[in-house]
Each structure stands twice: as C-alpha cells, then as structure tokens.
Amino acid sequence: MAAAGCTSTQTLQHPQNVVPVTDGWKFVRADVNGAEAVAFDDSKWSQVVLPHTWNDKDIIGGGNYYRGPGWYRIKLTIPEAAKGQRLFIHFEAASLVADVYFNGVRLGQHRGGFTAFCYELTPYIQRGGTNILAVRVDNSFFEDVPPLGGDFNIYGGIYRPVWLIVKNQVCVTPLDYASPGIYLKQTKVTKEEAIVDVLAKVSNGLDRPVSAHLLALYGDANGVFSERIRKRVNVVEIGAGKTVSLYDQIRIANPHLWNGRKDPYMYQVKVILFCDYNVVDEIGGTLGALGLRYFSVDANKGFFLNGESYPLHGVCRHQDRPGKGWAISYADQDEDANLILEMGANCVRLAHYPHANYFYSLCDKSGLVVWTEIPLVNQVYDTPAFAENAKQQLTELIRQKYNHPSIFVWGLYNELGNSGRCDDPRPLLNELQSLAKQEDSTRLTTAASNDPSNKWPGLRAIADLIAWNTYPGWYYGSPSQMNQLIDKYKRDANDKPVGISEYGAGASIKQHEQNIKKGPTPGGKWHPEEWQAIVHEENYAAVEARPYLWGSFAWVMFDFSSAWRTEGDTLGVNDKGLVTADRKTRKDAFYFYKAKWTTEPFVYITSRRHTERTDPNTTVKVYSNCDSVELKINGQTIGSQTEKNRVFKWFDIRLKPGLNTIEASATREGKTYTDKCEWQLSEAPKQGVESASEPDK
Ligand code: GCB
C-alpha cells in the first residue's frame, strides 16, 4: 500500500504492512490554538521531513535553547487496499511529551522522550476523505518526566521515524506498550538445548469471538525454515474487542549460539497467527531475529558469555550529532556502530536513555553486548506522578527491546543524589528493580553510581550489579588513582559484582601540549588531546589489572552537545569523546583502545596534529597492536621498541629546526605497516614555554 505523504526513503526492514510516514509534514515551533482541527489552515507552516528536531540549529553556540511546544500536522490518505483493516500510528519517539490527534480526536498523550508509542486510528478514519494527524510535542522541563538532570540536551520534536501499521482485525497487537507484540523468552539456553517460549499479545478487533492459535517457526541465519509438525494446536477463544496472550514454544537441539563479536549468529523466527485456521498475521524479519545465548556475572571473575569468560570492555554512546541533534539517520547510526567496532569494543552502554531500535539491531548483528537504561539521571522527585512515569518508561524499554539478544542488562539509574534536589530515591528504585524482574526474569539490572558519600545507604545494593562513574585524572586526583578507587568500590560492594560505567577526560584536537605532566582544569578552555590519552592509558591499566570487574565503559565514544558547558575549544560541547562530534576525527585515545582491543595490525603516531612546535625536545609515542615498532626521524632510524602493553615510547628525541618527518613501522608475517606525520619546529625554545600552542591554561 502507499499513503500520500509516506515514502520509503529509509532502509530499515519492516514487515510489509508497515509504511514509513516520513515526508509531507507541516511544522511550527509554537503553541497554536485549534491546530488539531481537521480544517485548520497550516499553509503558513514549514514543510519538514522526519526525523526532525526544532533544536538542530539553536544549540550550536551553547547556552539556552528552545524548550517548549511545537506542532506537526500531516495529511494521510488511507488507500482503498486498507479497507476493512485496522490502522495504527507508531511513533518511535517524540521528545518529550506528545499529544496525538487524528481527525480532531485526541488519541492520547505520551510522556517520555525516548520510547515508542502507538495509537489505533481505525474508528476515526474517513474512508475516501481527508485524514489529518496532528501532534503537539513539548520538550519543556516536566517535573514528572525523567530525565530531570544530566548534561545532555533535551532536543524537541518527532526525532525518530513514524510508521503506519496496517493489520487484520485479529492481529498481534502493536498496542502493548508499542512493542512488536511478540516476546521470545529464552527460558533455557545451553550448548545442548535451547527452549524459547514465544508469547504473542493478540487483539480481536471484531465484534464477535474468534478462535485463534499461534505457530512459531525458526529458520537458520540464511532464512531456511524448519518444518514443524505439531501434534496438538492450542486454540484459544478471544472475545470481541479483547486482547489475550497466546503461546508457543521453540526447541532447538545443539543450538548455534550468539557468541558476542566472535560469532553473533542469529536464527530467524516467524510467529504466525491463525484465526479460524486462516493466517491473519505474521511477525518475522528483523523483529524475529533470535540470538540464543546465556550469560552470568561472577563478583570475582567478571562476565561470562555462554559459559566462557568474556571480559567486557567498551564505551558509552550518546545519540546526538552536530546540526541534527537527535534527528539522526540510519546511515549516521551505521557510522557510529562501525566506529565502535573499528575500535574493538565488545560492549556498549547506551547512555542515558533508550536509543533508536535500529541501533540495537546493529548491536545484535555485530555482537556488541549492550547495557541499556532508562533516563533516571541525577534526580528523583518523590511524587506519585514521577514514579508512575519512571515505571512506564522502564516497562516500555523492556517490552520494546525484549527480543534483542545484544541486551544483557537493564540500567535503572545514573548518578542519583549528588545534584540539586533529589528526594530519597530508594523506594522508587526498589519498585523499579521488582518491575524489571517481573517484566524480564532472564536479564540482570545495573546502575551507575558516583556517590562515595553513600548519601542513600542501601541504594547501591538494589540492582543486581553496580557500576561506577569515576574520573580520576580529570575531575579529581591523578589518572593512576583509578587503582585505589576500584579497590575501594570492590571493598564497599560486599559480594555484588562491580563494573566501571564511565571514566575519561576532555580533549580538543586543536590543543596540544608537549611533554605534558599535569592535567588541565576540566572547566577551563585548555583541554589538550595528549592528556586525555594519558588518562585513558592509566585508568584502563587499572581496569585491566582487575579481571573481577564485570565490565568497563569509557566515557564517551563521541563528543556530544551539552548546552551549558563553556569549556574546551567549543562552547556547548562535552569533549570527552574518543571521536569528534562530526565523527570525522578519531582522537589519539581512540587508537590506544584500538591497539588494546584489535588484532588487525596497525601503527599510529600520537600527537600527530601537534604540527607547529617550538620545543625541540620531545617524546614520541606510538600506539600499535604489533609486538615491535621501529621509529625513524627524518629518515634516520632511532630504534625499535618491543612492548606488550601496546604503548611505544621514545624519550629525548631532538627535532631539527624546520620540517621533521616522523615515521613508525612494524612488521608482522612479512608485511610492513607504517604511519607517518610531519612536525614543524619553528624557533628556538624560549625558557619556560612548553609549547607554542598552549595558550591560556
Ligand atoms: C558523568 C555523567 C555524564 C557526564 C559525565 C561528564 O558522570 O554520568 O552524563 O557527561 O559525567 O562528562 O561529566
């Protein structure tokens, strides 16, 4: 089917009865009386295409940005082919609160900026007439809608795709917290056998009872499906207008397991719904991807995947991009995932809110283990409305992402208790913990703490696992203090497994400091790239030396927009990224991890962007995953270093005045890998000046 204003310009594979509602939207960044009415004149509004945010331009320089209401309208033509069928409108997200109207009728309000929501249009459709969908979206601060804090911006708008879903009268409902309506529960997975309980929420839109049953089939990764003979079919009667749960089970002997980055194998599942023995719905494709795996965490031995030790090392990711805010494309997400994979991470913490469904699919396919979390950041308000909303967002997160094999842990909060008003979060956290367990008994929960004062005793014991956001060498102390800090976290945790949820430092690719000894002021303008690399080297050495940690997540993969920040080389940016916000430049620290975590040979000369120099005395530092690296300066061999730690250093190198060529090379299995850069030494060193490019530190 095709609907006016709907084109399939994007490439996410969805079942065929789903159409993207992408083009043809009208938009105004204001509140407007009566804009929900069918006859409302929106001809003066702008034309926009989804995904869309109204903050794409106004956060560039930092400071304030628009937080308030905006309106969207679109004319949907309901095609003849959809006659007699049910139509639903599914929003992947709208920030922060959305009121949805169809043909002037208010379908509902969704409070929460990161999870999907869905409404049924069927009763209000004007067959052969004009059908207007109008949405008021508001990204103001709402006391009952987390997040209440955090340094990331709250972009407003319908910033993720919207889908028109066409279904038969009896169907797997898209209305169960906007989930796919099927839940593939991995009840038992071992190397010998997998038992997957398949549950489907089925809705009967007819005005009479029907008999329905479910059949779940599985195929291999190539889509070759197994025959399945069933002795008995479990037929269930569904009353008129009712929604019930139907079940089936898949058993696979000697299953091919989803084994992280080593082998992210996925079966394909087709869930077929029969009504009076006729097929009325089928869920499959990307929604039926099934990665079978089991995992556990040992407080003294770390993370285990499929029974084997699998130390988790990775990064955190925010979803924004310069000039786009949260309204990013599939290609943007592909690029993000590819950079994370290139660096060699095997896990990712999707901070600090649910990310786009597409990103989880990328993690499933590539074998990245995922920590995903609700946006309970910094503050909790002790009101029933806040608690309700936090529970709603957790339920949505779990139901919507339930089938993604990459997810192993649900995050319940980030840093509660340290900033501004935070009421006692423990009662709510206890509720969230039970809710997570009730919704999903197959996964673990965790939280990111940063409160050494232990303001709310017992808070850290609520989730199954605990992790720490910790910044030695940046916000306090020296980089090597990470050793003592982790030891303390471990002591304080009793028997609870401990992880590191954040660590890192800011870095500008335009600021350099030769022979750097001391960290800069975090809130200052001077964030030399070299210091970030040192913080990561030393922090990570402490992590690596403690295999009991269940995981570590560097903060953060990409520089991200943080309107109120006035530090580093650009206003309004958190520059702790290992890659710049435009994804164009991998900072030195990126290559430190690449050297640690990948095996494809490479050599990388650090400080390569420090091209204009005034001090002839320098250390040359190279990151490489090869065992031995040779350095040449101006064509002259300086010598080779052998280093297991992947960080190769040559001290007391003297540059000549003018242009200097730095070359590093390594040989593995007869092949040579090289890197080269040029540094210009412009004048004799002045006393007391470390580097010409070090201004107002
Ligand atoms: C944290 C927060 C994170 C911030 C980060 C920072 O602990 O969890 O949201 O962006 O510190 O850079 O200050």
Side-chain angles (χ1 to χ4, degrees), residues 59 62 113-114 146-155 314-320 326 348-355 371-380 411-420 422 425 446-453 455 459-460 463 466-477 479 481-482 485-486 489 498-508 519-525 527 529 531-532 535-536 539 551-581 587 589:
I59 297 178
F114 310 95
L148 301 181
D151 66 343
F152 51 100
N153 305 327
I154 303 296
Y155 293 87
V315 277
C316 303
R317 171 191 183 247
H318 263 304
Q319 64 183 358
D320 65 297
W326 289 343
V348 60
R349 174 181 175 206
L350 300 179
H352 285 309
Y353 39 74
H355 288 214
W371 160 346
T372 185
E373 63 199 43
I374 53 168
L376 208 62
V377 182
N378 297 105
Q379 285 150 325
V380 160
L412 300 183
Y413 66 85
N414 183 69
E415 298 193 352
L416 291 182
N418 265 351
S419 67
C422 183
T446 193
S449 174
N450 74 327
D451 182 17
S453 70
K455 182 169 175 196
L459 176 64
R460 292 202 297 265
I466 193 67
W468 283 84
N469 295 347
T470 186
Y471 286 91
W474 187 247
Y475 288 127
Y476 40 78
Q481 229 172 304
M482 187 74 148
L485 283 169
I486 304 179
Y489 304 148
V498 176
I500 299 299
S501 34
E502 290 179 24
Y503 63 100
S508 159
T521 312
K525 303 271 183 222
H527 285 185
E529 190 179 359
W531 186 253
Q532 181 194 45
V535 169
H536 281 284
N539 281 188
S552 63
F553 301 82
W555 189 260
V556 58
M557 189 64 198
F558 308 106
D559 289 348
F560 62 94
S561 190
S562 175
W564 54 262
R565 285 188 188 262
T566 55
E567 62 195 55
D569 66 21
T570 312
L571 286 178
V573 173
N574 184 323
D575 63 359
K576 295 185 192 68
L578 301 171
V579 174
T580 51
K587 300 182 191 176

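Note that ligands are numbered from 1 as they come in the structure, with each ligand's atoms numbered from 1 the same way. Sequence positions, counted from 1, serve as the residue numbers for this chain.
Contact of the Trp371 side chain with the Cys316 side chain is not registered, since no non-hydrogen atoms from C-beta on lie closer than 4.5 Å.
Closer than 4.0 angstrom to ligand 1 by heavy atom are Asp151, His352, Asn414, Glu415, Asn469, Tyr471, Tyr475, Glu502, Trp555, Phe560, Arg565, Asn574, Lys576, sorted by chain and number.
Between Trp326 and Tyr353, the ring planes lie tilted relative to each other; the angle falls in the 30° to 60° range.
Side-chain polar atoms of Asn414 and Glu373 form no donor-acceptor pair below 3.5 angstrom.
Between Asp559 and Lys587 there is a salt bridge, since at least one side-chain N of the basic residue sits less than 4.0 Å from a carboxylate O of the acidic one.
For the side-chain contact (heavy atoms from CB on, under 4.5 Å) test with Phe560, the passing option among Val573, Asp320, Asn153 is Asp320; the others fail.
A donor-acceptor contact shorter than 3.5 Å links the side chain of Ser562 to the backbone of Asp151.
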